[in-house]
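A note on names: the letters A, B, ... follow the listed sequences, proteins ahead of strands, and every chain is numbered from 1. These numbers were taken from a predicted model, which means no experiment stands behind them.
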Amino acid sequence: MLTLMQLYGKLLDSYGHQGWWPIIGHEGNNPTKTGSIKGYHPKDYSFPRNDCERFEICIGAILTQNTNWANVEKSLINLCNKDFLSPQKIIDNFDKVRELIKPSGYYNIKAKYLLNFSRFYFELSKRAPARNELLAVKGIGRETADSILLYAYNEPIFVVDAYTKRLVKGLGLLDTEDYETIRAYFEANLPRSFEIFSEFHALIVEHAKHYYSKKPYRLNDFLK
DNA sequence: TTCCAGGCAATAC
DNA sequence: GTATTGCATGGA
């Protein structure tokens, strides 16, 4: 039976370091990414480097809900060009923000989500949020909360997404779709390391884009 | 043209 | 707790 560390090693050998979470404006370069997608920073775990980047990660985590990252990037660039990547600017310019985030879809509800989160973030005043505090914000569900804790605050929380659920089922690791059960499984069987958790989740997404996207899913027994 | 994308909340049972 | 539905743009 494959251990999770062995699975992690195989994914890392196959796809290399992913450099998540992408930061727009950062001149990153990842050979596994193509086109206009930028902002990845392989082997550099020093992010976020400031409060602006931390907030950008949080906003991106909300905008990418059920949405391709290339579309999210367009919205983030729109916001960045207007210097709107701060909680105060989003609070003060709701209608403009709503227009600027159209490329990433669901723009009416996501604009409200960004407003809700911005108010919450402003009230935090630099303090790190607790998981249950994040979950109390309308628009922040479990995956978004955990993405924020992991990538914006470097806390060792394992992020579970739709791809992770397909992978654990496909490899026969677990027979459940339950978010907390899957998260507990990864967290209990891996070193409690922010670097490993962030890299592992990114690798699962990269792998699943190749094998667990369009049905029927492709065989990936080389991981077993 | 159809399908898919790094979910979430509301609702119904 | 599980199942269903609306939310929307843009690329393959």
Quick check on the 6.0 Å ring-centre criterion: do A:Tyr8 and A:Phe200 meet it? yes
Listed pairs under 3.5 Å, donor-acceptor, residues 54-61 of chain A side chains, sequence neighbours left out:
unit_1, atom_1, unit_2, atom_2, d
A:Arg54, NE, A:Ala152, O, 2.9
A:Glu56, OE2, A:Ile24, N, 2.8

Is any side-chain N of the basic residue among A:Arg127 and A:Glu133 closer than 4.0 Å to the acidic one's carboxylate O? yes
Could you identify which residues of residues 175-196 of chain A place a heavy atom less than 4.0 Å from some atom of DNA chain C, listed by residue number, or say none? none
In the 5'-to-3' direction, what one-character label does each nucleotide of nucleotides 5-12 of chain C receive under the scheme B = base within less than 4.0 Å of a protein heavy atom, S = sugar-phosphate only, - = no such atom? --BBBSS-
Looking only at atom types and distance, does a side-chain atom of A:Glu187 sit under 3.5 Å from a main-chain N or O of A:Phe158, one as donor and one as acceptor? yes
Test: salt bridge (Lys or Arg N to Asp or Glu O under 4.0 Å). Region: residues 65-86 of chain A. Which pairs qualify, not counting sequence neighbours? A:Asp83-A:Lys89
Is A:Ile140 touching bases, backbone alone, or none of the nucleic acid, heavy atoms closer than 4.0 Å? sugar-phosphate
With sequence neighbours excluded, what pairs up with A:Gln6 under the side chain to side chain contact (heavy atoms under 4.5 Å, CB included) test? A:Leu2, A:Thr3
Single hit among A:Leu79, A:Leu76, A:Asn71 for side-chain contact (heavy atoms from CB on, under 4.5 Å) with A:Ile101: A:Leu79
Within 45° of the ring axis of A:Tyr107 and under 6.0 Å from its six-membered ring centre, is that where the NZ or CZ of A:Arg98 lies? no
With a non-hydrogen cut-off below 4.0 angstrom, is A:Arg98 in contact with a base, only sugar-phosphate, or nothing? nothing
Is any side-chain heavy atom of A:Lys10 closer than 4.5 Å to a side-chain heavy atom of A:Phe222? no
Before accepting this row, confirm whether a basic side-chain N of the pair A:Glu180/A:Arg183 lies closer than 4.0 Å to the acidic partner's carboxylate O. yes
Contacts to DNA chain B from residues 145-165 of chain A, heavy-atom cutoff under 4.0 Å, which residues? A:Asp161, A:Ala162, A:Tyr163
Between C:dG10 and B:dC8 - P atom distance, rounded Å: 22 Å
By nearest heavy atom, map A:Tyr212 and A:Thr144 onto DNA chain B; which one lands nearer the 5' end? A:Tyr212
I want to check one thing: is the phosphate of B:dG7, taken as OP1 and OP2, less than 4.0 Å away from some side-chain N or O of A:Thr64? no
Classify the ring geometry of A:Tyr211 against A:His207: parallel below 30°, tilted from 30° to 60°, perpendicular beyond 60°. parallel
Figure out the OH/C1' separation between A:Tyr217 and B:dC3, and round it to whole Å. 13 Å
